[in-house]
Amino acid sequence: MKPTLPRGTRDFTPAQLLKRDFIFDTIKKVFKKFAFAPIETPTMENLSVLTGKYGEEGDQLIFKILNSGDFLLEPKNKNIELQQVDSKKLLPFISEKALRYDLTVPFARFVVMNRNDISFPFKRYQIQPVWRADRPQKGRYREFYQCDADVVGTDSLLCEAEIVLMIHEVMQHLGIKNIEIKINNRKILSGITEIAGSFGKETDICTAIDKIDKIGIEGVTKELFERGISQTSINILLPIINFKGNNSEILYFLKSALQNSTIGTKGIDEVEQVLHFIDQFGTQIDALKIDISLARGLSYYTGAIFEVKALDVQMGSISGGGRYDNLTGLFGLDGVSGVGISFGVERIYDIMEELNLFPQTDNSYSKILLTHFDVASMNYGMKIVANLRSSNIAAEIYPQVTKIKKQFEYANAKSIPFVAVVGETEMQNNTVALKNMLSGEQNIVDKDNILEYLQLK
RNA sequence: GAGGUCGUAGCUCAGCUGGUUAGAGCGCCUGAUUGUGGUUCAGGAGGCCAUGGGUUCGAAUCCCAUCUUCCUCACCA
């Protein structure tokens, strides 16, 4: 049998995982610094928890898990009837569980189920894989990691500001400097819709104007028309979504353009307040840009929406998020507003690989390899390795007796920076021959001084 | 979900309009060097040509299907 991998999934080698860990660690460090605590949720959820949360498109992209048992036994015998069955009606009989599609909805479920044990505002981070039955492409996988940070139980816009700060800091630490952090507010989009007299057509308008970067103003006009937006509405919409300027110019313009919309005005105030809070934190973030055409597909966002793009690489967004006022309400707990951000690790990885941003030093797990010639020197070496490990040095010993050449080749292939050689002479003198694999320099070192030697070099 | 595209050694790829035994570079293994890697030299191994069918005297090459890769649309991290 020939081994294969399901479409859109990948194996990861140690070298790749080392690099991915670097991303995890960087993000985790920032999350912790902003006082988010970790949680995990199960790989699978009850299907009912997930369906209806991501729009119709999202429902199709959820990986469903087949029920156990011989559920098709009856229909199997009457195949023709089975073909006439509506698959949507059949679904409950063959599937009631599904793989996580993102981390936000399971988190909302978690909050509702654990409401008595957590104190609000609750800040959590979560780093786990998610699955989407999408068609794979570059930067698009069926199994990938998300790193989420959310705070629920407060509608303070300070949280939005902190999210922007976290995005900024994570990207700085990863070395992805040339980015754009786009921010918008669903309430502004509602306001625009209201002004245009197309209330209720919000989804159509949002998905159309979201594409303005790609298809241009003419394309958007065409798409709006095809989606049944009247010409009068379009005429009102276009100058608004096509307005260009810096953040304060956009806010100034919107204030007059949306002055007759209560909700729109509220959205503008919110964005302004977020910018003000960021200012108060004393951080200047030039990458932050208000973008009125940013809509984002997920249906649960109600306030701020974020998206991060790396400008040096052709790639979809590497991070996205926003405020959702009533996600927990779907599970029976009202009045818990939340806001969060999600980093797409795979895309960040691909970008860093392309831009050569991974630090060079981090490519080996062990610091030193102990080599030997026979059983006696191997035994002698095991004690040395144990000592190094108890001093928190990642050390390994070649696990079988073989030619010294082979052991050196192993160290070289794994980029282990130091090799200690132990033979008869060394055992007699309580020393090791310690070689720096980078410089080629080799010294006789007392076996109790290895630690000092390593720290010196 | 709609359309297109790719698949030959571990990797990157050559292989002509079907015609002997499918090649190269790099990597890998062995030796030169029985206590020293990364350089050099000599030698060697490694292929169900993605998978399954079909056309043909003959298929890596042509046809069909499946799987996979990448791309555009849609959607997203």
Side-chain angles (χ1 to χ4, degrees), chain A residues 1-10 13 23 27 54-62 87 100-104 127-148 167 203 206-208 210-211 214-215 219 223 294-299 305-310 314-322 340-351 369 371-374 377 398 401-427 432-442 444:
Chain A
M1 180 200 166
K2 194 186 169 177
T4 55
L5 232 39
R7 167 178 259 211
T9 67
R10 300 169 300 162
T13 62
I23 300 175
I27 294 175
Y54 309 106
E56 216 171 292
E57 191 88 25
D59 281 356
Q60 287 179 2
L61 296 181
I62 295 171
S87 62
R100 229 182 359 240
Y101 177 89
D102 71 354
L103 301 179
T104 310
I127 299 179
Q128 288 185 273
V130 302
W131 292 266
R132 294 185 188 177
D134 209 353
R135 187 168 292 198
Q137 286 177 34
K138 182 171 201 142
R140 171 173 309 204
Y141 305 99
R142 290 183 142 182
E143 177 180 59
F144 60 95
Y145 269 89
Q146 289 192 329
C147 298
D148 276 33
I167 296 172
T203 322
C206 283
T207 46
D210 196 36
K211 293 180 206 161
K214 259 189 179 171
I215 59 178
E223 177 144 353
L294 174 65
R296 292 186 56 78
L298 289 183
S299 42
I305 36 186
F306 309 102
E307 195 165 288
V308 184
K309 293 209 74 168
Q314 186 76 28
M315 180 77 75
S317 60
I318 55 176
S319 179
I341 187 71
S342 178
F343 291 96
V345 177
E346 269 65 19
R347 286 184 179 179
I348 290 173
Y349 182 103
D350 289 345
I351 284 169
L369 173 75
T371 64
H372 45 78
F373 296 92
D374 46 31
S377 51
Y398 202 87
V401 176
T402 182
K403 284 184 206 163
I404 196 79
K405 180 184 167 79
K406 190 146 186 151
Q407 302 181 52
F408 266 86
E409 277 170 353
Y410 172 81
N412 201 50
K414 280 187 72 180
S415 307
I416 299 172
F418 291 96
V419 172
V421 185
V422 172
E424 243 175 79
T425 342
E426 286 82 4
M427 283 194 285
V432 299
L434 197 50
K435 180 161 186 175
N436 182 328
M437 293 295 278
L438 223 74
S439 65
E441 184 190 352
Q442 180 167 318
I444 304 296

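Just so you know, these numbers come straight off a predicted model, no measurement behind them. Here is the naming used below: chain letters follow the sequence lines, and residue numbers restart at 1 for every chain.
A:Arg142 pairs by the salt bridge (charged side-chain N to carboxylate O under 4.0 Å, His left out) definition with nothing, not counting sequence neighbours. Taking the side chain to side chain donor-acceptor pair (under 3.5 Å) definition, one finds that A:Glu307 meets it with A:Arg296, sequence neighbours left out. Listed by chain and residue number, A:Val308, A:Ile341, A:Phe343 satisfy the side-chain contact (heavy atoms from CB on, under 4.5 Å) test with A:Ser319 (two or more places apart in sequence, or in another chain). Legend: residues meeting ring-ring contact (aromatic ring centres under 6.0 Å, His included) with A:Tyr349, ordered by chain and number and at least two apart, are A:Phe358. Residues that satisfy the ring-ring contact (aromatic ring centres under 6.0 Å, His included) test with A:Tyr145, not counting sequence neighbours, are A:Phe24. Applying the ring-ring contact (aromatic ring centres under 6.0 Å, His included) test to A:Phe408 and every residue at least two apart in sequence or in another chain returns nothing. In this structure, the side-chain contact (heavy atoms from CB on, under 4.5 Å) partners of A:Gln137, at least two apart in sequence or on a different chain, are A:Arg140. Partners of A:Glu143 according to the side chain to side chain donor-acceptor pair (under 3.5 Å) rule, which considers only residues two or more places apart in sequence or in another chain, are A:Trp131.
Counting heavy atoms from C-beta outward, A:Ser317 and A:Arg347 have side chains that approach closer than 4.5 Å. Here the side chains of A:Val421 and A:Lys435 are not in contact, with every heavy-atom distance at 4.5 Å or above. Between A:Lys406 and A:Tyr398 the shortest side-chain heavy-atom distance falls below 4.5 Å. For the pair A:Arg132 and A:Asp102, the minimum side-chain heavy-atom distance is below 4.5 Å. Counting heavy atoms from C-beta on, the side chains of A:Tyr141 and A:Asp350 come closer than 4.5 Å.
Residue A:Leu438 is classed as a base contact, given a heavy-atom separation below 4.0 Å to a base. Within the 4.0 angstrom heavy-atom criterion, base atoms lie near A:Ala433. A:Thr371 comes within contact range of no nucleotide atom at all, as no heavy-atom separation falls under 4.0 Å. If you check every strand for non-hydrogen atoms under 4.0 Å, A:Glu223 touches nothing. Using a 4.0 Å heavy-atom distance criterion, A:Phe343 is classed as making no nucleic acid contact. Residue contacts shown for A:Gly8 are limited to sugar-phosphate atoms, with no base heavy atom under 4.0 Å away. Residue A:Gly58 is out of contact with every strand shown, counting any heavy-atom pair closer than 4.0 Å. Counting any heavy atom pair closer than 4.0 Å across all strands shown, A:Gln146 reaches sugar-phosphate atoms only and no base atom. Across all strands shown, A:Glu426 has heavy atoms under 4.0 Å from base atoms, whether or not it also approaches the sugar-phosphate.
Look at the P atom in both B:rG35 and B:rU40: the space between them is 25 Å, to the nearest Å. Separating the P atom of B:rG53 from that of B:rC13 is a span of 29 Å, rounded to the nearest Å. Across the P atoms, B:rA9 and B:rC73 are found 32 Å apart, a figure rounded to whole Å. Distance check on atom P: B:rA60 versus B:rG54 gives 15 Å, rounded to whole Å.
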Between protein and nucleotides 3-9 of chain B, what N or O pairs are separated by less than 3.5 Å?
| from | atom 1 | to | atom 2 | distance (Å) |
| --- | --- | --- | --- | --- |
| B:rG3 | O6 | A:Arg135 | NH1 | 3.1 |

Protein-nucleotides 28-31 of chain B N/O pairs under 3.5 Å:
| from | atom 1 | to | atom 2 | distance (Å) |
| --- | --- | --- | --- | --- |
| B:rG31 | OP1 | A:Lys403 | NZ | 2.8 |
| B:rG31 | OP2 | A:Lys403 | NZ | 3.3 |

Detail all sub-3.5 Å separations between protein N/O atoms and N/O atoms belonging to nucleotides 39-50 of chain B.
| from | atom 1 | to | atom 2 | distance (Å) |
| --- | --- | --- | --- | --- |
| B:rA50 | O2' | A:Lys2 | NZ | 2.3 |

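The separation between A:Arg142 atom CZ and B:rC75 atom C1' is 14 Å, rounded to whole Å. Atom-to-atom, CG of A:Leu434 to C1' of B:rG37 comes out at 15 Å; the value is rounded to the nearest Å. The nearest whole Å value for the distance from the CD atom in A:Glu441 to the C1' atom in B:rG38 is 16 Å. Between A:Lys138 atom NZ and B:rC71 atom C1' there is a gap of 11 Å when expressed in whole angstrom units. We find that CD of A:Gln442 is positioned 11 Å from P of B:rG37, with the value rounded to whole Å. Whole-Å rounding puts the A:Glu424 CD to B:rG35 P distance at 11 Å. The distance from atom CD of A:Gln137 to atom P of B:rG1 is 14 Å, rounded to the nearest whole Å. Distance A:Lys414 NZ to B:rG38 P: 18 Å, rounded to the nearest Å.
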For this session: Report the secondary structure of RNA chain B in dot-bracket form, marking unpaired bases with a dot and bases paired to a different strand with |, and treating Watson-Crick or G-U pairs with both distances under 3.5 Å as paired.
Result: ((((..(..((((.....[...)))).(((((.......))))).....(((((..]....))))))..))))....
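In the interface, the side chain of A:Arg140 is paired with the base of B:rA74 through a donor and an acceptor atom under 3.5 Å apart. Donor-acceptor pairing under 3.5 Å, judged by distance alone, is absent between the side chain of A:Gln407 and the base of B:rG35.
Aromatic stacking is marked for A:Phe144 over B:rA77, as both cut-offs hold: 5.5 Å for the centres and 30° for the planes.
Taking every side-chain heavy atom of A:Asn412 into account, B:rG37 is the closest of B:rC76, B:rG37, B:rC75. Comparing B:rU72, B:rC70, B:rU36 by their nearest atom to the side chain of A:Val421 picks out B:rU36. Nearest to the side-chain atoms of A:Ser317 among the listed nucleotides B:rU36, B:rA77, B:rU69 stands B:rA77.
If A:Lys435 and A:Ala133 are placed on RNA chain B by their nearest nucleotide, the residue sitting closer to the 5' end is A:Ala133. Mapping A:Val422 and A:Gln60 onto RNA chain B by nearest heavy atom places A:Gln60 closer to the 5' end of the strand.
In this structure, OG1 on A:Thr9 lies 11.0 Å from CZ on A:Arg7, to the nearest 0.5 angstrom.
With A:Gln407 as the partner, the side-chain contact (heavy atoms from CB on, under 4.5 Å) test is satisfied by one option alone out of A:Val401, A:Thr371, A:Asn412: A:Thr371.
Between A:Tyr54 and A:Tyr101, the ring planes are tilted. Angles from 30° to 60° get that label.
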